[in-house]
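Structure first, commentary second.
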Amino acid sequence: MPINNSVNSLSTLYQLNTYSPARQTRTQAVRSFRDEMMLSAETQTFNDMLRRLRQSSEVRQDKVEEYSARIADGSYFASSTDIAAGILGVH
């Protein structure tokens, strides 16, 4: 009968889901595991510099206006050598 099959199925499920010390220990071990991430010294330094830059509100508006005007009127020129030297910090 279908009722007997249902009771048997429920009984089997109940037995599978009852308390098991081995299962409980494994579950606790999984819960106690935590991911960790360690940043290198270089990354920490970079993050510190980035944070300081974001906090900095120093915009030299006079320079922005000067170069904007020079670019607009076509009088601004920078050679590729000057750009490369600026990027590399060599003058």
Side-chain angles (χ1 to χ4, degrees):
M1 288 186 119
I3 294 174
N4 286 339
N5 289 339
S6 297
V7 170
N8 288 337
S9 297
L10 287 174
S11 175
T12 304
L13 283 174
Y14 178 76
Q15 290 172 356
L16 291 174
N17 290 316
T18 57
Y19 176 77
S20 166
R23 185 183 311 212
Q24 186 66 20
T25 303
R26 187 178 68 81
T27 303
Q28 288 173 345
V30 170
R31 286 186 188 150
S32 66
F33 177 76
R34 293 182 185 221
D35 289 333
E36 285 187 21
M37 179 176 68
M38 296 180 67
L39 300 177
S40 67
E42 293 84 7
T43 302
Q44 291 174 359
T45 302
F46 176 78
N47 285 338
D48 290 341
M49 290 179 357
L50 187 60
R51 181 182 43 79
R52 281 185 264 159
L53 281 172
R54 286 181 176 157
Q55 291 174 346
S56 174
S57 63
E58 292 185 34
V59 174
R60 295 181 60 188
Q61 194 60 39
D62 58 328
K63 291 289 185 182
V64 171
E65 290 171 4
E66 174 190 346
Y67 286 108
S68 294
R70 288 178 61 193
I71 290 169
D73 69 15
S75 64
Y76 179 77
F77 174 78
S79 71
S80 58
T81 305
D82 291 341
I83 293 171
I87 291 172
L88 296 174
V90 181
H91 294 284

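Basis for what follows: all heavy atoms, side chains included, without hydrogens, waters or symmetry-related copies.
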Please report the C-alpha distance between R54 and R51 in whole Å, then the side-chain angles of each, then the deciding distance to 0.1 Å, and finally whether the side-chain contact (heavy atoms from CB on, under 4.5 Å) criterion is met.
CA-CA 5 Å; R54 286 181 176 157; R51 181 182 43 79; 5.8 Å; no

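We find the CD-CE distance between Q44 and M38 to be 8.5 Å, quoted to the nearest 0.5 Å. One distance of note links CG of D62 with OH of Y67; it measures 10.0 Å at 0.5 Å rounding. Rounding to the nearest 0.5 angstrom, the gap separating the CG atom in N47 from the CD atom in E42 is 11.5 Å. Taken to the nearest 0.5 Å, the CE atom of M37 stands 9.0 Å off from the OG1 atom of T43. Going from atom OG of S68 over to atom NZ of K63 covers 12.5 Å, rounded to the nearest 0.5 Å. Taking CD from E65 and CZ from R70, the interatomic distance works out to 14.5 Å, rounded to the nearest 0.5 Å.
Partners of D73 by side-chain hydrogen bond (donor to acceptor under 3.5 Å, both in side chains), not counting sequence neighbours, listed by chain and number: S75.
Side chain to side chain, S79 and D82 meet the donor-acceptor criterion of an N or O pair below 3.5 Å.
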